[in-house]
Amino acid sequence: MPSSSNAALEILNLHKRFSEPAVNDLSLKVRKGEFYALLGPNGAGKTTTLRMVAGLLQADAGAVRVCGIDAFADPIAAKQVLAWVPDEPMVYDKLTPLEYLEFVAGLWSMQPDLARFKADSLLDAFGLAPHANERCGGFSKGMRQKVALAGALIHEPRLIILDEPLTGLDAGSARQVKKVLTGLVAQGVSIIMTTHILEVAERMADRIGIIARGQLVAEGTLEELRQRASAGGHSLEDIFLEIVGGDAGAHANTAELLDEKVA
Ligand SMILES: Nc1ncnc2c1ncn2[C@@H]1O[C@H](COP(=O)(O)OP(=O)(O)OP(=O)(O)O)[C@@H](O)[C@H]1O
């Protein structure tokens, strides 16, 4: 796949093996200003893929380009333009959200005035302003998740990588997070997000990639996936279950599965 200037993320023939292959010749592209949802059954290789993109896990083979930067050759430059938020993010219990955001801004060498301005606006956007000066140690999982997300956004990344960002959030918090994310996409930021909440992918994603057994088995807009699904599946859940089945592992080769189902 040649490098293309409109790509925020290019994953090229990525491989990672633990005791068995976890990511197996995976290639995909996220365009600038695109919201891309990465779906797949448990153990499909989603987190492993994103951890390699974020530079937290070494790939066995393949390449990753973030905004045109070769992330394996120049990981520091890549990290400057991306944000990574895992499904169990860590925040420092002894810090308040404001102190945490100022600390993270300091790591990025942001000017204190700008850091404070950005911190205040992120705390506001995530509904954390009333708790800005309380220690994170007493926060619920959802509040901690929002603090971590705010921290990941403070340096104004161009590509945001989110692993299950809405798990554990109540309806109000999920709405705040979705509003922030869609606002960023409207400004040209790109997002790649894993989720098991298919409704979220259905409503928010510009394109959806479905992986099973470490391989991309389907990709497209919701409408494209709908058109390709053979049995007239209409919701993303119908399409997803048709493609991966209840048990993607029952198929020896997911490429064959793709040929059968969506060719
Ligand atoms: N550090 C590790 N050591 C050994 N095996 C691992 C490791 N990390 C992941 N795996 C294996 O790699 C495969 C892919 O795991 P991964 O966490 O990427 O799946 P996933 O699609 O994110 O799943 P889920 O939806 O359950 O989070 C699984 O078989 C998993 O057991």
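Numbers for residues simply follow the sequence, beginning at 1. Because only heavy atoms are used, hydrogens play no part in the values below, and waters and symmetry mates are left out as well, while side chains stay in. Order of listing sets the numbers, starting from 1, for every ligand and every atom in it. What you are looking at is a predicted structure, and each value in this text was computed from that prediction instead of being measured.
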For this session: Would you confirm whether any non-hydrogen atom of the protein falls under 4.0 Å from atom 31 (O) of ligand 1?
Result: no

Seminar exercise, completed: When distances are taken from atom 11 (C) of ligand 1, the protein heavy atom at minimum range is F18 CD1, 3.8 Å

Problem set entry | Residue, atom name and distance, where the atom is the protein heavy atom closest to atom 27 (O) of ligand 1 | T47 OG1, 4.0 Å

Problem set entry | Heavy-atom neighbours of E134 CD exceed 12 at 6.0 Å | yes

At a 4.0 Å cut-off, with the gap strictly under it, does some heavy atom of [X] reach an atom of ligand 1?
{"X": "G40", "value": "no"}
{"X": "P41", "value": "yes"}
{"X": "E20", "value": "no"}

List every atom of ligand 1 that sits less than 4.0 Å from any heavy atom of [X], numbering the atoms from 1 in the order shown and giving each element.
{"X": "T48", "answer": "9 (C), 14 (C), 15 (O), 16 (P), 18 (O)"}
{"X": "A22", "answer": "12 (O), 13 (C)"}
{"X": "N42", "answer": "23 (O), 24 (P), 25 (O), 26 (O)"}
{"X": "A44", "answer": "19 (O), 20 (P), 21 (O)"}

Problem set entry | Part of H196 with heavy atoms under 4.0 Å of ligand 1, whether side chain, backbone, both or neither | side chain

Hey, does the side chain of [X] reach the backbone of [Y] with a donor-acceptor pair shorter than 3.5 angstrom?
{"X": "K146", "Y": "F126", "result": "yes"}
{"X": "S190", "Y": "L159", "result": "no"}
{"X": "R17", "Y": "S19", "result": "yes"}

Exercise. Considering all heavy atoms of both residues, which atom of K16 and which atom of T48 are nearest to each other, and what is their separation?
Worked result: CG-CG2, 3.9 Å

For this session: Compare every heavy atom of V91 with every heavy atom of C136, then report the nearest pair and how far apart it is.
Result: CB-CG2, 4.1 Å

Exercise. What do the steps show when you test D124 against S121 for side-chain hydrogen bond (donor to acceptor under 3.5 Å, both in side chains), and what is the final call?
Worked result: CA-CA 5 Å; D124 196 37; S121 66; over 6 Å; no

Problem set entry | Heavy-atom nearest option to atom 21 (O) of ligand 1, drawn from K46, R51, R213 | K46

Problem set entry | Closest to atom 13 (C) of ligand 1 among G43, A212, S19, G214 (heavy-atom distance) | G43

Exercise. Do you know which of K29, E219, R31, R207 makes side-chain hydrogen bond (donor to acceptor under 3.5 Å, both in side chains) with Y36?
Worked result: E219

Problem set entry | All ring-ring contact (aromatic ring centres under 6.0 Å, His included) counterparts of Y92, not counting sequence neighbours | F103

